[in-house]
Chemist: 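The following block contains the structure, expressed as structure tokens.
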Amino acid sequence: IRFFEPLWGIKRNRYKPGTVQRIRFAAFGSALKVPAAAASAVSKPAMPPSMPRSKHAPPPLPVPSVMIPIGPGGGSRYGMHAPIVEWRGFWVGERLYYALKLKLAVGEGRDFAVDLYAGRHCFAGPFSPVPGLALSGVIWLHGTLAD
């Protein structure tokens, strides 16, 4: 995984080639959208009406998570498709922003979730976050050494 390290100037001597290190990740979003198939999967129950269903359990998603590097060379920009695990909104001045926890990889010791920060202006069309809802778009992955 390639990522942008905002504290590189301060921490570069602590990165050691060939070692395993813990990194905290976050991402900024751009050109985000809710694919039509994902929106309909959340709005319609995935189970027959006879089966009880928790109001808080996210529905199963028809497409697995994906994170693909974008562009030539090593960059921190990725195309992604992933479900929202949890979210919160916060205001900066008069703008509403979201912190969306996305599950980017699952299973076989590869579980990877990241906090994606995006304003409402980053979404194509109206957007209301819901756990289980899948998003697609472009993210810039940022990370720093976990102290």
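Not measured: the values here are computed from a predicted model. Numbering starts at 1 and runs along the sequence shown.
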Chemist: Applying side-chain contact (heavy atoms from CB on, under 4.5 Å), run through His142 and Val114 and close with a yes or a no.
Modeler: CA-CA 10 Å; His142 291 230; Val114 68; over 6 Å; no

Chemist: If you count every heavy atom of other residues, nucleotides or ligands that lies below 6.0 Å from Lys33 atom NZ, does the total exceed 12?
Modeler: no

Chemist: So among Ile70, Val66, Leu104, which one has a side chain to side chain contact (heavy atoms under 4.5 Å, CB included) with Met80?
Modeler: Leu104

Chemist: How far apart are the closest heavy atoms of Ala26 and Tyr117, and which atoms are they?
Modeler: CB-CE1, 4.0 Å

Chemist: Hey, are the side chains of Pro6 and Phe4 touching, using non-hydrogen atoms and a 4.5 Å cut-off?
Modeler: yes

Chemist: Tyr78 and Ile68: side-chain contact (heavy atoms from CB on, under 4.5 Å), yes or no, with the steps?
Modeler: CA-CA 5 Å; Tyr78 291 86; Ile68 302 169; 5.8 Å; no

Chemist: Quick check: do Leu116 and Phe28 have side-chain heavy atoms less than 4.5 Å from each other?
Modeler: no

Chemist: Centre-to-centre under 6.0 Å for Phe25 and Phe3, is that the case here?
Modeler: yes

Chemist: List the steps and the verdict of side-chain contact (heavy atoms from CB on, under 4.5 Å) for Gln21 and Tyr15.
Modeler: CA-CA 8 Å; Gln21 295 174 302; Tyr15 283 91; 3.7 Å; yes

Chemist: Which atom pair, heavy atoms only, marks the closest approach of Gly75 to Arg2?
Modeler: O-CB, 3.3 Å

Chemist: Ignoring hydrogens, what is the shortest heavy-atom contact between Ile10 and Asn13? Give both atom names and the distance.
Modeler: O-OD1, 3.9 Å

Chemist: Same cluster or not: are Phe112 and Leu100 linked, directly or through other Ile, Leu, Val, Met, Phe, Trp or Tyr residues, by side-chain heavy atoms under 4.5 angstrom apart?
Modeler: yes

Chemist: May I ask you to decide if Leu102's main-chain N or O and Glu86's side chain share a donor-acceptor pair within less than 3.5 Å?
Modeler: no

Chemist: Should Trp8 and Leu145 be regarded as members of a common hydrophobic cluster, given that ILVMFWY residues are connected when their side-chain heavy atoms come within less than 4.5 Å of each other, either directly or indirectly?
Modeler: yes

Chemist: Using the rule that two of Ile, Leu, Val, Met, Phe, Trp, Tyr join whenever any of their side-chain heavy atoms come within less than 4.5 Å, decide whether Val34 and Leu96 are in one cluster.
Modeler: yes

Chemist: Do the side chains of Tyr98 and Asp115 get nearer than 4.5 Å, heavy atoms only?
Modeler: no

Chemist: To check you understand the geometry: which heavy-atom pair defines the closest contact between Arg24 and Ala146, and what is its length?
Modeler: NH1-CA, 3.8 Å

Chemist: Just list the side-chain donor-acceptor pairs under 3.5 Å for residues 120-140, sequence neighbours left out, or say none.
Modeler:
residue : atom : partner : partner atom : Å
His121  : ND1  : Arg95   : NH1          : 3.3
Ser136  : OG   : His81   : ND1          : 2.6

